Structures are given as C-alpha cells and as structure tokens.
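Okay, so here's the structure we're looking at.
Not measured: the values here are computed from a predicted model. Note that the numbering runs from 1 along the sequence shown for the chain.
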Amino acid sequence: ASEPQSLPGRAGPRSQDRARPSVYPSPVTTEQNPSPTAEQSGRPAGAVYADRGSSHFDILLAAMVTVVILSGIGAAKGVSFGTVPGTGFEIITDGGFFLFPLAYVLGDIVTELYGPRAARRAILTSFAVSFVATLAYQVIIALPPFPDEHGMAKQGALELALGPVWIVVVAGLAGFLAGMSLNSLVVGRMKRRMGERGLIGRLFTASGLGELVDTIIFCTIAAAAIGITTVEQWAQYTILGFLYKVIVQYAMIPVTSWV
C-alpha cells in the first residue's frame, strides 16, 4: 500500500518524525562554540556582576563626597585676614572656604551630564556619608584616651578640633541641600526650556541662586561654632562667603562647559 499523503498545512507521519526533537545530545560541545558574552567580557563562566553604569559618575560622586567631608572639618576653624584698609570691613571666613565651591562645580557637571535625578542622588549620598562621619567623630571623642599627659593633650585637641564639627556639618548639609537642590532645579528646568543652547547663562543663573541660599543658611547655623558673636561679623562673613563662592564658580564655568 502506498504511503498516505499529508494534507496541505499538515505534517505527515514522516515530517512529524523529522520535526520531533532528538533525545540524544548534540555532538557539538560548548568548547567548540564558546559563549560570546563570557569571552568578550573576560568574566569567568557563570559569574554575574552588576552594571556599574557610567565610568565617570562614580568618580564625580566620590569627589563630591570627599569635598563635603573635608569642608565640614575645615569650616570649624574661624579665619580672619584682617581689615580692609579705610573701610573697617573685616575679612572673616572659615578654614574650608577654598574647598566647598568645588562641590557646586561637581554638582553642575553631574546635572549637566546625567540630569537632575542623578544630581539629587549625589546630594543625598553626600548627606548620608557626612552624617556617618559626624557620628564617627563623636565616637572618637568619647573613647577613653591614654591617661598620661600626652594622651590627655591629644584628647583635648580632638575635642576642640572635632567637637564643633557636627554643628558645621549640620549647617553645611542644610545649606548644601537647599542650595544644590535649587541649583540643580534651575539648571534642569532651563535646559528643558532652552535645550543645549544657553549653557553659560544657565550655569551663571543656577550657581548664583544656589550659592546665595547656601551661604545664608550655612553662615546662620555655623556662626556660633566658628566663633562669630555679633551681627556685624555675621554680615561680613556672609557677604564675603557669597562673593567668594560665586567668583570661584563663575571662574570655573568654562571648565564645566568643556567637560
């Protein structure tokens, strides 16, 4: 008897046998066909790693956190460069004045490259790490020192140097969060409205507003820790701090634009 013919669109007995998968292993081994993913990435077979994202964001974030922590320590020291001749204006600042503007420069770069969401993440990370550092300072101070003269002298120095840092850190964080958030908000909104045009004007406007809010909040909270006791000293400290930060940031805008 002849074989039954398969209907159009249906598989006959032999075509079904040909379509049925084999139960025997393929003679081709994985050594002959290595995984292109594992080979290209250089990872061991079966290893799984998280994606680290952009190769520059982690560097910028680490730099921002470092600047914020060092600024908190240095700002606990009050600095006086004397009085401007003929004006009576005393040049008052703190030991961290040369560091903190760099945080805004880094914040502008992060916002411009990765957007406001990434900038907020960097701000919150800086806040968290600074808070942990403040707790660590208090633990270091609370630990019992050596009972000899040298140990007690070091204990007193640590209390003087690190004791008021928590006030400065709180002031710095409050001003930094408010000022940097405003800075990122202005940069982000202006970029959405203007696109890639007007970068210089965007950075000038955002930096100035952010620095103004930051300086007022920081100087008001940190004044007591630094040793400022009069309204006149506070005004001099605030005005000089704002002018210095704005000048440094505006001078760094060409660098930010290039990056």
How many angstroms lie between atom [atom1] of [X] and atom [atom2] of [Y], to the nearest 0.5 angstrom?
X    : Y    : atom1 : atom2 : value
T134 : I73  : OG1   : CD1   : 9.0 Å
F98  : L70  : CZ    : CG    : 8.0 Å
R121 : L61  : CZ    : CG    : 8.0 Å
S71  : D94  : OG    : CG    : 8.5 Å
E211 : I216 : CD    : CD1   : 11.5 Å
L106 : T66  : CG    : OG1   : 9.5 Å

Quick check: closest heavy atoms across [X] and [Y], and the distance to 0.1 Å?
X    : Y    : value
V169 : G72  : CG2-CA, 4.4 Å
S126 : V68  : CB-CG2, 4.3 Å
Q155 : L143 : OE1-O, 3.9 Å
T238 : C219 : OG1-CB, 3.3 Å
M64  : A122 : SD-CB, 3.9 Å
I226 : G78  : CG2-CA, 3.4 Å

Non-neighbouring partners of S80 that pass side chain to side chain donor-acceptor pair (under 3.5 Å), sequence neighbours left out |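 S80: side chain to side chain donor-acceptor pair (under 3.5 Å) contacts with E90.
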With sequence neighbours excluded, tell me which residues meet side chain to side chain donor-acceptor pair (under 3.5 Å) with T220.
->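 Partners of T220 by the side chain to side chain donor-acceptor pair (under 3.5 Å) criterion, ordered by chain and then number, come out as W234.
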Tell me whether [X] shares a hydrophobic cluster with [Y], the cluster being built from Ile, Leu, Val, Met, Phe, Trp, Tyr side chains joined at under 4.5 Å.
X    : Y    : result
Y244 : I91  : yes
V165 : I69  : yes
I109 : I123 : yes
I247 : F97  : no
V65  : F57  : yes

Note, L240 side chain near I92 side chain (heavy atom, < 4.5 Å) |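 L240 vs I92: side chains apart.
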So, do L209 and V213 sit near enough that their side-chain heavy atoms are less than 4.5 Å apart?
->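 No - every pair of side-chain heavy atoms lies 4.5 Å or more apart.
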Aromatic ring pairing Y237/F218, orientation class (parallel under 30°, perpendicular over 60°, tilted between) |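 Ring orientation, 0 to 90° scale: tilted.
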Residue pairs, two or more places apart or on separate chains, that pass ring pair (Phe, Tyr, Trp, His ring centres under 6.0 Å) and touch residues 117-158 |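 Listed once each, the pairs would be none.
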E232 atom CD, neighbour heavy-atom count above 12 within 6.0 Å |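 For E232, atom CD is not crowded (no more than 12 foreign heavy atoms under 6.0 Å).
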